[in-house]
Asks: 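Attaching a single structure in structure tokens format; questions to follow.
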Amino acid sequence: MANPRLTLVAPTTEIRTVAMPTRRPNAELRTREYLTEAEVARLTEAAKGNRYGHRDATMIAIAYRHGLRASELVDLRWGSNRFRHRDLGSP
């Protein structure tokens, strides 16, 4: 039941590796990764033009000033803010 079409092939000792695709650096993809203060001001003004403009402008200002990601911004709740400040030494 041997298959006459199959032949033995000598193993090779050459070890070949697969070239991984290289990712271009961020500097090549875009010049910067942040918004300037003037761009944030323009974005805030543009956000004020809809039904919930004050809320949207406030969210943009908070995200910019505190460096929040979008997911962190939408997870904010009133209960997560402490409006009364205590001294660090008191319990």
Side-chain angles (χ1 to χ4, degrees):
M1 297 274 284
N3 191 344
R5 296 183 193 158
L6 296 179
T7 59
L8 286 177
V9 178
T12 61
T13 57
E14 177 185 357
I15 299 176
R16 299 183 303 172
T17 59
V18 176
M20 296 297 292
T22 58
R23 184 181 182 282
R24 295 188 318 182
N26 286 345
E28 289 182 18
L29 300 174
R30 53 190 168 269
T31 57
R32 58 189 163 91
E33 297 184 2
Y34 56 89
L35 295 174
T36 64
E37 197 167 336
E39 290 171 333
V40 172
R42 286 182 17 217
L43 186 62
T44 303
E45 286 301 314
K48 289 180 182 179
N50 64 12
R51 181 177 178 185
Y52 299 107
H54 183 70
R55 178 203 63 186
D56 295 344
T58 303
M59 289 173 66
I60 292 169
I62 289 171
Y64 177 70
R65 290 182 185 146
H66 297 284
L68 298 178
R69 297 180 183 104
S71 61
E72 295 169 335
L73 183 65
V74 298
D75 283 341
L76 289 178
R77 300 286 177 252
W78 280 109
S80 62
N81 296 320
R82 289 190 342 190
F83 294 110
R84 284 189 243 155
H85 297 285
R86 295 187 294 179
D87 293 334
L88 294 176
S90 64

Asks: Other members of the hydrophobic cluster containing Leu68, with the 4.5 Å side-chain heavy-atom rule, please.
Replies: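 The other cluster members (ILVMFWY side chains, heavy atoms under 4.5 Å, direct or chained) are Met59, Ile62, Leu73, Leu76.
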
Asks: Check residues 15-27 and write down every donor-acceptor pair under 3.5 Å in which the side-chain atom is one partner and the other belongs to a residue at least two apart or another chain.
Replies:
| unit_1 | atom_1 | unit_2 | atom_2 | d |
| --- | --- | --- | --- | --- |
| Arg23 | NH1 | Asn26 | OD1 | 3.3 |
| Arg23 | NH2 | Asn26 | OD1 | 3.1 |
| Asn26 | ND2 | Glu33 | OE2 | 2.8 |

Asks: If we only count heavy atoms from C-beta on, is the Thr36 to Val40 side-chain gap below 4.5 Å?
Replies: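 Side chain of Thr36 against side chain of Val40, heavy atoms only: no contact under 4.5 Å found.
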
Asks: What are the two closest heavy atoms between Leu35 and Tyr64, and how far apart are they?
Replies: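 Smallest heavy-atom distance, with atoms named: O-CE1, 3.8 Å.
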
Asks: Just wondering, more than 12 heavy atoms not from Arg55 lying within 6.0 Å of its CZ?
Replies: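 Enclosed: over 12 neighbouring heavy atoms sit under 6.0 Å from CZ of Arg55.
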
Asks: Tell me whether the count of non-hydrogen atoms from other residues, nucleotides or ligands lying under 6.0 Å of CZ in Arg30 goes above 12.
Replies: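 Counting other residues, nucleotides and ligands, CZ of Arg30 exceeds 12 neighbours.
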
Asks: For atom CD of Glu37, decide whether the heavy atoms of other residues, nucleotides or ligands shown that lie under 6.0 angstrom number more than 12.
Replies: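 Open: at most 12 neighbouring heavy atoms sit under 6.0 Å from CD of Glu37.
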
Asks: Please find the pair of heavy atoms, one from His54 and one from Thr58, that lie closest to each other, and give the distance.
Replies: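 Minimum heavy-atom separation between His54 and Thr58: O-OG1, 2.7 Å.
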
Asks: Output the distance between atom CZ (Arg42) and atom CD (Glu39), rounded to the nearest 0.5 Å.
Replies: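 With rounding to 0.5 Å, CZ (Arg42) is 6.0 Å from CD (Glu39).
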
Asks: Which atoms form the tightest heavy-atom contact between Ala47 and Ala57, and what is the distance?
Replies: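 Distance-wise, the nearest heavy atoms are CB-N, 4.2 Å.
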
Asks: Walk me through whether Arg69 and Glu72 qualify under salt bridge (charged side-chain N to carboxylate O under 4.0 Å, His left out).
Replies: CA-CA 5 Å; Arg69 297 180 183 104; Glu72 295 169 335; 3.1 Å; yes

